[in-house]
Structures are given as C-alpha cells and as structure tokens.
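Keep in mind that what you see is a predicted model, and the values were worked out from it rather than measured.
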Amino acid sequence: MTALKNDRFLRALLKQPVDVTPVWMMRQAGRYLPEYRASRAHAGDFMSLCMNPEFACEVTMQPLDRYPQLDAAILFSDILTIPDAMGQGLYFETGEGPRFKKVVSTLADIEALPIPDPQKDLGYVMDAVSTIRRELNGRVPLIGFSGSPWTLATYMVEGGSSKDFRKTKAMLYDNPQAMHLLLDKLAQSVTSYLNGQIMAGAQAVQIFDTWGGNLSAAAYQEFSLAYMRKIVSGLIREHEGRKVPVIMFTKGGGLWLESIADAGADALGLDWTCDIGDARRRVGDKVALQGNMDPTVLYAKPEAIRAEVGRILASYGKGSGHVFNLGHGITPEVNPDHAGAFLQAVHELSAQYHV
C-alpha cells in the first residue's frame with residue numbers, strides 16, 4: 001500500500017506529536033454539498049449510492065477535493081447495512097428516513113437472525129473501502145465505521161427511527177434475555193464487519209453509538225457499553241505495519257466518560273454538550289478525544305465559527321491527543337463556505353498548541 005502523506009489524524013488518535021490539530025467532519029460527504037446531491041441524483045437513490053463502490057468512492061472524495069484541510073476520509077455508507085444483511089429489508093421513505101420491511105419483536109425472531117459474512121453479504125462495502133483506499137493514494141487515512149449494537153437494535157425493533165424507543169426499551173426490561181441475544185449477535189456482526197473493513201484498507205474505525213445516551217446509567221453499562229467493549233476486544237489493532245486506532249462515540253454519553261474511556265478504545269468521541277477541557281481532566285491520558293463543536297455553529301458567520309473553534313482549542317489546551325470534529329454530523333442546510341471556514345480555522349488556530 002502507498003505510504004501516507006498526511007498521518008496527523010492517526011498520530012493524534014495515538015497521542016503522538018502533531019504540527020496542527022487534525023480535523024474531519026462526521027457526515028462530511030453529504031447533502032450540504034451540491035456535488036453530492038448531483039451524484040445522488042445520478043445514482044437514483046441513497047442505497048444505490050451506497051451499494052455501488054464507484055459512487056461510494058466518488059462521494060467520499062468530494063469533500064477532500066473541496067477542502068484540502070481535511071485530515072481524514074470516511075467511508076461513505078450507512079450504519080444500517082448490517083441489519084439489512086441480516087434480512088431485515090432496509091429501504092428509505094422520502095421525508096421519513098430509514099425503514100425496515102421486517103421488525104424483530106420476539107426471541108424466535110432473534111434466534112432466526114443470521115450473522116452476516118462481511119465478504120459474502122456485505123461485499124459491496126468491502127469493495128468500496130478498497131476502491132476508496134486506492135483512490136486516496138496515501139493522501140489522508142481512511143476511516144471505516146459501524147453502528148453500535150444498541151443503536152442497530154433500536155432500528156431493528158422499532159422498524160425505523162424512533163423518538164421514545166418504546167418497543168426497544170420494553171424488550172430490554174420485559175425480555176432482557178432476548179435483548180442480550182440480539183445485542184450479542186450484533187456485536188459479533190459488527191466485529192467481523194469492522195475487521196473486514198480493516199483488511200480491505202480502513203486505517204482507523206469508529207463505532208457510532210447514536211442512541212446510547214437515551215438509556216439510563218445502569219442500562220447503558222449493561223446493554224450498550226458492554227457490547228462495544230466486546231467489539232473492541234475482538235478488533236484487529238495492527239495492520240500494514242501500523243496501529244489501527246478505534247474511536248468510540250456515544251451521543252449523549254457525557255455522564256459516563258470515565259467508563260467509556262476504560263472500554264478499550266484509543267479515542268473517545270464527544271458531543272457538543274461536554275466541555276472538552278473538563279473531559280480531558282476526567283479521562284486523563286487514557287484516550288485521545290475527538291470533537292466537539294455544535295454542528296449548528298456552522299449556520300453562524302465565519303467570524304463566529306472561528307471564535308468557537310478558538311474557544312474549544314483553548315479549552316483542550318496544549319499537546320496532542322485531540323482530533324477536532326463536530327459534536328455530531330454536519331447538517332444538510334449548512335453553507336459549504338462555512339464548513340470551509342471551520343476547517344481552515346482549526347489548522348490556523350491550533351498550531352500554537354503544538355510547539
């Protein structure tokens with residue numbers, strides 16, 4: 001494989017010295033970019049974009065071509081590829097988000113679920129990873145990802161998005177045996193899926209625990225964090241002669257940072273509700289930190305964006321171990337020029353913290 005020309009993202013995740021704070025954006029390939037909207041129209045629909053390795057590569061590269069400050073690429077895919085490969089029948093309704101043709105509601109439903117083979121059942125994702133990695137040609141590292149078992153389970157039980165997760169939480173409390181079996185199968189699936197991505201060329205991986213923060217403290221430990229810990233323990237941690245860092249991101253997980261930092265990942269993703277300096281004091285040197293600007297700051301003027309970038313950098317302070325990111329994904333209505341101002345500000349303002 002081609003040597004990396006820019007490895008500051010990987011170095012920061014391992015708390016090694018860097019010249020400036022590296023930066024990327026969750027959902028950096030997405031609807032806020034006109035070039036993405038053109039590619040999606042050409043592909044026909046979202047899933048056609050995801051399932052075609054050439055299209056997935058095209059949209060992964062778009063933000064890198066627009067923003068030279070980006071220090072990482074992230075695979076363009078969807079977190080629900082695993083449930084789809086388990087036979088749930090993923091589809092997208094306009095204005096309603098993801099839906100499943102089948103839902104999981106009984107122990108028998110869960111017992112019947114297969115554990116997908118990443119090469120046979122999710123080969124289009126592996127092909128996308130290898131295609132993107134080849135196209136990057138060492139420009140920046142490639143991030144692979146998956147949803148967490150708890151997050152995937154909520155979609156499988158609810159049949160799609162949910163505001164209150166009533167069906168999933170009812171199963172958790174009424175039938176914990178069934179929920180644990182579902183989460184265990186998903187943990188096995190995520191582990192093999194991420195390892196497949198690493199073997200195909202992903203140089204770091206992130207676990208998106210989008211809905212873990214909706215659990216009680218006790219339920220989070222038992223039904224979300226325990227399974228992410230299991231995944232991390234089963235991941236390939238070195239490939240192509242260098243470490244493969246793992247990022248664990250629980251949206252709404254600020255109350256449990258110490259527990260998450262002990263779960264075995266190299267880095268902990270923060271949403272915007274945490275102060276990053278306080279988070280650094282709480283977790284010490286155990287993990288790097290990723291985050292954590294409120295994505296809606298990008299609706300403000302470039303001067304205000306720059307000021308908020310400066311505030312977060314100052315809060316983190318001197319030294320490596322910080323990957324700048326938004327506290328969640330960039331939203332579709334953001335002006336692309338504002339995203340560019342954000343990325344430029346990170347590199348310009350962070351150099352003083354790395355001398």
Side chains of residues 167-178: which donor-acceptor partners sit under 3.5 Å, not counting sequence neighbours?
residue : atom : partner : partner atom : Å
Thr168  : OG1  : Glu158  : OE2          : 2.7
Lys169  : NZ   : Asn214  : O            : 2.6
Asn175  : OD1  : Ala178  : N            : 3.3

More than 12 foreign heavy atoms under 6.0 Å from CG of Asp285: is that the case here? no
Flag if over 12 foreign heavy atoms under 6.0 Å of CZ, Arg166: no
From CA spacing to verdict: side-chain contact (heavy atoms from CB on, under 4.5 Å), Arg280, His322: CA-CA 9 Å; Arg280 188 182 188 184; His322 180 201; over 6 Å; no
Roughly how far apart are [X] [atom1] and [Y] [atom2], rounded to 0.5 Å?
{"X": "Leu70", "Y": "Arg139", "atom1": "CG", "atom2": "CZ", "value": "9.0 Å"}
{"X": "Tyr124", "Y": "Thr131", "atom1": "OH", "atom2": "OG1", "value": "14.0 Å"}
{"X": "Met61", "Y": "Cys57", "atom1": "CE", "atom2": "SG", "value": "6.0 Å"}

Start with the C-alpha distance between Ile143 and Phe9, add both sets of side-chain angles, then the distance that settles side-chain contact (heavy atoms from CB on, under 4.5 Å), and finish with yes or no. CA-CA 10 Å; Ile143 306 167; Phe9 165 72; 3.6 Å; yes
Will you find, in the side chains of [X] and [Y], an N or O donor that is under 3.5 Å from an N or O acceptor?
{"X": "Trp150", "Y": "Tyr220", "answer": "no"}
{"X": "Ser148", "Y": "Thr151", "answer": "yes"}
{"X": "Asp84", "Y": "Thr81", "answer": "no"}
{"X": "His354", "Y": "Thr21", "answer": "yes"}

Identified side-chain contact (heavy atoms from CB on, under 4.5 Å) partner of Met156 from the options Asp109, Val103, Leu80, Leu182: Leu182
Please enumerate all residues that pass side-chain contact (heavy atoms from CB on, under 4.5 Å) together with Glu222, with sequence neighbours excluded. His180
The side-chain contact (heavy atoms from CB on, under 4.5 Å) partners of Val20 (sequence neighbours excluded) come to Arg8, His347, Ser350, Ala351
Given the rule that I, L, V, M, F, W and Y join up when any side-chain heavy atoms are under 4.5 Å apart, are Leu235 and Leu13 in one cluster? yes
Single-linkage hydrophobic cluster Leu4~Val18, side-chain heavy atoms < 4.5 angstrom: no
Residue pairs fulfilling side-chain hydrogen bond (donor to acceptor under 3.5 Å, both in side chains) with at least one residue in [range], sequence neighbours excluded:
{"range": "residues 50-60", "answer": "Ser39-Glu58"}
{"range": "residues 23-32", "answer": "Trp24-Gln290"}
{"range": "residues 259-277", "answer": "Gln221-Ser259, Arg237-Asp266, Asp262-Lys286, Asp271-Thr273, Asp275-Ser315"}

Least distance between heavy atoms, His338 atom then Pro302 atom: NE2-CD, 4.0 Å
Does the [X] side chain pair with the main chain of [Y], one donor and one acceptor, at a distance under 3.5 Å?
{"X": "Thr250", "Y": "Gly253", "result": "no"}
{"X": "Lys5", "Y": "Asn137", "result": "yes"}
{"X": "Asn325", "Y": "Met26", "result": "yes"}
{"X": "Asn292", "Y": "Cys274", "result": "yes"}
{"X": "Tyr155", "Y": "Ser162", "result": "no"}

State plainly whether the residues Arg311 and Glu308 are in salt-bridge range, i.e. N to O under 4.0 Å. yes
For the pair Asp184 and Lys230, find out whether any cationic side-chain nitrogen is under 4.0 Å from an anionic carboxylate oxygen. yes
Hey, which of Phe165, Phe249, Phe223 is the one that makes ring-ring contact (aromatic ring centres under 6.0 Å, His included) with Trp211? Phe165
Under 6.0 Å between ring centres: does that hold for Phe55 and His42? yes
Quick one, Leu122 and Tyr193 - any side-chain contact, counting heavy atoms below 4.5 Å? yes
